[in-house]
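All values derive from a computational prediction rather than experimental measurement. Just so you know, residue 1 is the first one in the sequence shown, and it goes up from there.
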Amino acid sequence: TTVRMARKLIEQDKVDIIIGPLSGSEGIAMRDFAKTIPGKVVINGISGALETTWVDPAPNFYRFNLDGSQWGYGLGSYVVKTKGWKKVATIAADYSFGYTNFMGFAADYCKAGGDIAQRFWQPLGQSDFAAIIAQLPDDVDAIYLGLGGTDAINFLNQYQQAGASVKLIGGTIMADQTVLTAKGKAKEALKGTPTSGPFAADNTDPAWTSYVKLYQTNIPEKDRFPSPSLFGLGYYVATQAAIKGLQAAGGDLSNGQAKFKEALSKMELDSPVGKITLNENRQATGTVFINEVVEGADGNLTSQMVG
């Protein structure tokens with residue numbers, strides 16, 4: 001579907017630049033499609049599968065967000081050294097981003113001395129988690145949950161209803177605003193959950209606080225989250241990069257967008273989450289934030305930066 005929509009944009013709508021996509025496997029598909037349109041630029045939206053930039057990358061595909069493995073790295077050593085959680089079971093989504101985000105956590109966790117006792121993989125769009133909850137070992141310190149969106153909400157609600165009390169570790173998309181603002185028992189299971197990703201909601205850096213204010217001011221309260229989501233942030237940063245690149249190229253998109261491509265490749269982008277540069281694969285290097293889910297003053301869940 002992603003490629004079909006992208007092809008329409010290029011061939012029928014005659015666009016010069018595409019910003020997107022959102023999901024991991026869509027990014028891999030767009031990497032391959034980008035190779036068929038070498039004279040156009042594709043700037044990743046927020047998709048985070050590892051292969052998109054690390055395996056046979058497209059020279060005209062640029063990713064200004066960290067990938068899922070980068071987002072997951074740092075969380076593993078944090079839960080071993082700070083929480084003392086030496087043995088975990090893991091549940092992750094059975095697709096490219098689920099693998100990538102889990103890999104960053106697992107590499108870091110095992111390197112720090114942690115042991116992964118059991119691993120479970122769940123298909124996207126799962127609604128009934130009773131069978132998997134029944135199989136979870138109770139002799140572990142915590143369970144890593146690499147699910148997002150409605151999958152995460154369904155799991156958390158059922159986990160609470162089952163009376164499960166083993167502590168949780170959150171994958172990057174599990175503790176996003178899309179899950180933290182959900183109704184129901186899910187909230188109770190999330191309190192105290194460590195997680196990691198591209199931002200911290202309570203970051204006091206002026207670049208972040210001014211972005212949050214911009215977000216809150218420009219989107220009506222009924223239509224927005226308390227603070228920006230992972231997905232909104234990704235597209236904002238990608239668009240920042242596109243605008244800055246076009247300015248540096250003087251708007252010149254001739255010769256297969258050569259000046260624009262060069263400007264993107266060399267860019268040092270001052271984003272709401274710090275300085276972002278691209279490596280030789282046009283993959284972002286930046287900052288990872290370690291957070292814990294806490295109850296805010298307004299009674300809603302939020303994340304608190306711990307590293």
Let's go through Asp67 and Trp71 carefully: what are the C-alpha distance in whole Å and the side-chain angles of both, what is the deciding distance for side chain to side chain contact (heavy atoms under 4.5 Å, CB included) to 0.1 Å, and is it a yes or a no?
CA-CA 6 Å; Asp67 71 38; Trp71 285 338; over 6 Å; no

Within one Ile-Leu-Val-Met-Phe-Trp-Tyr cluster: Phe225 and Met174, side-chain cutoff 4.5 Å:
no

Residues Tyr73 and Lys111: side-chain donor-acceptor under 3.5 angstrom
yes

salt_bridge(Asp16, Lys40) N-O dist < 4.0 Å:
yes

Residues which pass salt bridge (Lys or Arg N to Asp or Glu O under 4.0 Å) with Arg7, listed by chain and number, not counting sequence neighbours
Glu11

Count the heavy atoms of every other residue, nucleotide or ligand shown that sit under 6.0 Å from CE of Met305, and state whether that count exceeds 12.
yes

Qualifying ring pair (Phe, Tyr, Trp, His ring centres under 6.0 Å) pairs with a residue from residues 143-192, counting only residues at least two apart or across chains
Phe102-Tyr144, Phe105-Tyr144, Phe129-Phe155, Phe155-Tyr159

Spell out, yes or no, whether Ile143 and Met103 are grouped together once hydrophobic residues are joined by side-chain heavy atoms under 4.5 Å, including indirect joins.
no

Just do the side-chain hydrogen bond (donor to acceptor under 3.5 Å, both in side chains) check on Thr172 and Asn101 with the steps written out, would you?
CA-CA 7 Å; Thr172 298; Asn101 199 209; 3.2 Å; yes

Please check if the number of heavy atoms outside Lys244 that lie under 6.0 Å from its NZ is greater than 12.
yes

How many angstroms lie between OG in Ser227 and CG in Asp202, if you round to the nearest 0.5 Å?
9.5 Å

Minimum heavy-atom separation for Leu66 to Gly286, with atom names?
CD2-N, 3.2 Å

Within the structure provided, determine whether Asn60 and Lys261 are in side-chain contact (heavy-atom separation under 4.5 Å).
yes

State, to 0.1 Å, how close Asp108 and Gly76 come at their nearest heavy-atom pair, and which atoms those are.
OD2-N, 3.1 Å

Could you tell me which residues satisfy side chain to side chain donor-acceptor pair (under 3.5 Å) with Asp270, sequence neighbours excluded, listed by chain and number?
Lys275

Heavy-atom side-chain proximity of Pro137 to Val140 below 4.5 angstrom:
yes

Least distance between heavy atoms, Ala248 atom then Ala263 atom:
CB-CB, 3.8 Å

Residues pairing under ring pair (Phe, Tyr, Trp, His ring centres under 6.0 Å) where one sits in residues 11-70, two or more places apart or in two chains, turn out to be none

Donor on one side chain, acceptor on other, Ser96 and Ser25, under 3.5 Å
yes

Compile the donor-acceptor pairs under 3.5 Å between side chains in residues 115-125 and protein atoms, sequence neighbours left out, one pair per line.
residue, atom, partner, partner atom, Å
Gln122, OE1, Gln126, NE2, 2.8

Heavy-atom side-chain contact between Ser47 and Ser23 under 4.5 Å
no

According to a hydrophobic-cluster definition based on side-chain heavy atoms being under 4.5 Å apart (Ile, Leu, Val, Met, Phe, Trp, Tyr only), do Leu253 and Ile19 belong together?
yes

Supply the atom-to-atom distance Ile18 CD1 to Ile37 CD1, rounded to the nearest 0.5 angstrom.
5.0 Å

With sequence neighbours left out, what residues match Asp13 under salt bridge (Lys or Arg N to Asp or Glu O under 4.0 Å)?
Lys8

Kindly indicate whether the side chain of Tyr236, heavy atoms from C-beta on, has any atom under 4.5 Å from the side chain of Pro272.
yes

Going through the distances and angles, do Asp56 and Arg31 end up as a salt bridge (Lys or Arg N to Asp or Glu O under 4.0 Å)?
CA-CA 9 Å; Asp56 195 19; Arg31 171 205 66 186; 5.8 Å; no

Heavy-atom nearest pair, Thr53 first then Asn281, reads O-ND2, 2.7 Å

Please list all pairs meeting ring pair (Phe, Tyr, Trp, His ring centres under 6.0 Å) that have one or both residues in residues 276-300, counting only residues at least two apart or in different chains.
none

I need the Gln240 CD to Ile276 CD1 distance, nearest 0.5 Å.
8.0 Å

Kindly indicate whether the side chain of Leu156, heavy atoms from C-beta on, has any atom under 4.5 Å from the side chain of Leu190.
yes

Quick one: do Ile133 and Gln158 satisfy side chain to side chain contact (heavy atoms under 4.5 Å, CB included)? Show the steps, please.
CA-CA 8 Å; Ile133 291 170; Gln158 293 167 39; 3.8 Å; yes

Ion pair Lys87/Asp139, N-O distance below 4.0 Å:
yes

Assigning hydrophobic clusters by single linkage (Ile, Leu, Val, Met, Phe, Trp, Tyr; side-chain heavy-atom cutoff under 4.5 Å), is Val237 placed with Val212?
yes

Gap separating the OG1 atom of Thr52 from the CG atom of Asn65, nearest 0.5 angstrom
9.5 Å

Could you check whether any side-chain heavy atom of Asp94 comes within less than 4.5 Å of a side-chain heavy atom of Tyr99, counting everything from C-beta outward?
yes

As an exercise, state the distance from CG of Leu278 to CG of Leu264, rounded to the nearest 0.5 Å.
7.5 Å

Compare every heavy atom of Trp85 with every heavy atom of Pro194, then report the nearest pair and how far apart it is.
CG-CZ3, 3.7 Å

Taking Asp176 for its side chain and Leu230 for its backbone only, find out whether a donor-acceptor pair lies under 3.5 Å.
yes

Separation between OG of Ser69 and CG of Leu50, rounded to the nearest 0.5 Å
5.0 Å

What pairs with Thr2 under side chain to side chain donor-acceptor pair (under 3.5 Å), at least two apart in sequence or on another chain?
none

Keeping Arg63 on the side-chain end and Ala238 on the backbone end, is there a donor-acceptor pair under 3.5 Å?
no

Once side chain to side chain donor-acceptor pair (under 3.5 Å) is applied, do any residues pair with Gln70, and if so which ones, sequence neighbours excluded?
Gln283

In terms of heavy-atom contacts, Ile46 and Gly234 come closest through CD1-CA, 3.5 Å

Flag yes if Ile43 and Met267 sit in one hydrophobic cluster, no otherwise; membership is Ile, Leu, Val, Met, Phe, Trp, Tyr, and two members link when side-chain heavy atoms are under 4.5 Å apart.
yes

Could you go through Thr209 and Lys213, starting from their C-alpha distance and side-chain angles, then the distance that decides it, and tell me whether this counts as side chain to side chain contact (heavy atoms under 4.5 Å, CB included)?
CA-CA 6 Å; Thr209 56; Lys213 188 176 180 182; over 6 Å; no

Could you walk me through whether Asn291 and Val306 satisfy the side chain to side chain contact (heavy atoms under 4.5 Å, CB included) test, starting with their C-alpha distance in whole Å, then the side-chain angles of each, then the deciding distance to 0.1 Å, before giving a yes or no?
CA-CA 5 Å; Asn291 302 299; Val306 293; 5.6 Å; no

If you count every heavy atom of other residues, nucleotides or ligands that lies below 6.0 Å from Lys86 atom NZ, does the total exceed 12?
no

Can you sort out the partners of Trp208 under ring pair (Phe, Tyr, Trp, His ring centres under 6.0 Å), two or more places apart, ordered by chain and number?
Phe199, Tyr211

Residue list, side chain to side chain donor-acceptor pair (under 3.5 Å) with Lys259, at least two apart or on another chain
Asp252

Polar side-chain atom of Asn255 near backbone of Gln257 as donor-acceptor pair, under 3.5 Å:
no

Not counting sequence neighbours, which residues clear salt bridge (Lys or Arg N to Asp or Glu O under 4.0 Å) with Lys81? List them please.
none

For the pair Lys191 and Glu292, find out whether any cationic side-chain nitrogen is under 4.0 Å from an anionic carboxylate oxygen.
no

